[in-house]
Amino acid sequence: VETSYKRIKEVDGEVQAFLTLDEERARAKAKELDEKNSDDKGLLYGMPIGIKDNIVTKNLTTTCASRILENFDPIYDATVMGKLHQAETITIGKLNMDEFAMGSSNENSAYKNTKNPWDLNTVPGGSSGGSAAAVAAGEVLFSLGSDTGGSIRQPAAFCGVVGMKPTYGLVSRFGLVAFASSLDQIGPVTRTVEDNAYLLKAIAGHDQMDSTSANVNIPDYLNALSGDVKGLKIAVPKEYLGEGVSEESKQSVLDALKVLESLGATWEEVSLPHSKYALATYYLLSSSEASANLSRFDGVRYGYRTPDAQNLIEMYKQTRAEGFGEEVKRRIMLGTFALSSGYYDAYYKKAQKVRTLIKKDFDDVLEKYDVIVGPTTPTPAFKIGENIDDPMTMYMNDILTIPVNLAGVPAISVPCGFAGGLPLGLQIIGKHFDESSVYRVAHAYE
Ligand code: GLN
């Protein structure tokens, strides 16, 4: 804990990964754990961890990097926080993100721009940019992020760390501030695959407080870290090495496949033909869900309230106009439009149908292969400010991660070479609830 805070004092003035530090309580917890005289230690006894600021933490400010939740101190803990408590981690603080997890660069935070520790002029990725940057800069050993369309894997790739989006339903979403409920998952960000498996083991599991939480047996992921991938069958979608993907990203994946081949795995090219519709489908569905989820921020129940409205309607309007940033407003408007009665069938319903086709693509391929492998992102991290005025280019960043959320399957990003001095990520995608195979391949490659 002391090492963490020392490192934060040294580098966070530049990296700016943290929104809130919880020093007093972290030290008290460390002391309490130190004094605990028992052999019965938690899985992650005494390990310092950072938490993305959209995961509610009791009595510890949780802002979602939004003005509208500026002084929000939750009265309860998210289920994952209870699990971390059992595992005996120590929460160091809350990490910066794009507002309400909408974005790919952390430039949508209402508070600060987190920097990529590899090059302070470039973005750390997003929306879990704080989670990835803090681990990459050595400020914490572990962090939690959330991934709706790539928000754990893309920043992990940009910052050269390991980020896992678990199968939808594996980790409880109770206490994760909802962006798009049918896509959101909490997951671990770490330096190594082994650390990642430990942290997922600590937070996975059924939860009655989340109706979409799956009641499945959780295998011990650590057993998968044998280094053995002999006979394993890998699928490589041609769409993931096609147009829009940089030469460096392609080459790094081909190099990684050579390593896996030398370890006894085999690979073949396959097709995920509906991938080209994933971005459009995702932005319709996620914005629709966001427009409903974010209606709770009305200035009445919690968070910011405009000081000078004359009546109730004006209070709602001004609170939301002043409290939300541009990108969040853009999504609320898009989602409200897509759900409006005249357009529901043409947009929302159509997108749901296409989502089913995208999921079927994955099911078909994963019936014949153990994992799917490709790049995490089309390019390495971009410069701060480079894409800020161009939402479409920004959205393109997630073209290789979004289909995975639509299908609900697990995927990890592990470091896989460099381009121009910046890290690249290898994405490994598995079958529903087969995180073990994903870890197996990631660990063997790492
Ligand atoms: N960048 C994507 C978006 O802006 C994904 C975000 C996420 O996974 N939370 O929606």
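Remember, it's 1-based here, ligands and their atoms both numbered in the order they're listed.
Looking at Arg331 and Glu327, a side-chain N of the basic residue comes within less than 4.0 Å of a carboxylate O on the acidic one, giving a salt bridge. The pair Lys201-Asp220 meets the salt-bridge criterion, since a charged nitrogen lies less than 4.0 angstrom from a carboxylate oxygen. Between Arg191 and Asp195 there is no salt bridge, since none of the side-chain N atoms of the basic residue sits less than 4.0 Å from a carboxylate O of the acidic one.
Within the 4.0 Å heavy-atom criterion, the part of Asp398 lying near ligand 1 is the side chain and not the backbone. With a 4.0 Å cut-off on non-hydrogen atoms, Tyr395 does not touch ligand 1 at all. With a 4.0 Å heavy-atom cut-off, ligand 1 is reached by no atom of Gln185.
Proximity annotation for atom 4 (O) of ligand 1: of Met97, Lys165, Arg331, Arg331 comes nearest, heavy atoms only.
Not a single heavy atom of Ser286 sits under 4.0 Å from any atom of ligand 1.
Contact atoms of ligand 1 toward Tyr283: 2 (C), 3 (C), 4 (O), 10 (O) (distance under 4.0 Å to a heavy atom of the residue). For ligand 1, the atoms closer than 4.0 angstrom to any heavy atom of Ala101 are 6 (C), 7 (C), 9 (N). Interface of Tyr282 with ligand 1, defined as ligand atoms under 4.0 Å from a residue heavy atom, comprises 2 (C), 3 (C), 5 (C), 6 (C), 10 (O). Against a heavy-atom cut-off of under 4.0 Å, Phe179 is close to the following atoms of ligand 1: 9 (N), 10 (O). Here is the list of ligand 1 atoms found below 4.0 Å of a heavy atom in Ser127: 9 (N).
Using the six-membered ring where Trp is involved, Phe100 and Phe297 have ring planes that are tilted, between 30° and 60° apart. The aromatic rings of Phe72 and Tyr302 sit tilted, their planes meeting at an angle between 30° and 60°.
With Lys94 as the fixed residue, the side chain to side chain donor-acceptor pair (under 3.5 Å) test singles out one of Asp53, Asp22, Thr20: Asp53.
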Kindly determine whether Val123 and Asn106 satisfy side-chain contact (heavy atoms from CB on, under 4.5 Å), including the steps that lead there. CA-CA 7 Å; Val123 303; Asn106 266 41; over 6 Å; no
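Close N/O approach between Ser146 and ligand 1 is not found [any backbone or side-chain N/O within under 3.5 Å]. Checked by distance only, ligand 1 and Gly150 come closer than 3.5 Å through their nitrogen or oxygen atoms.
For Glu23, the CD atom is densely surrounded, since the number of other residues' heavy atoms within 6.0 Å is greater than 12.
Applying the side-chain hydrogen bond (donor to acceptor under 3.5 Å, both in side chains) rule to pairs touching residues 148-171 yields Ser127-Ser151, Asp147-Arg153, Thr148-Asp184, Arg153-Asn405, Arg153-Gln427, Gln154-Asn397, Thr167-Glu435, Tyr168-Arg173, Tyr168-Thr212, sequence neighbours excluded.
The protein heavy-atom contact nearest to atom 7 (C) of ligand 1 is Ser151 OG, 2.3 Å.
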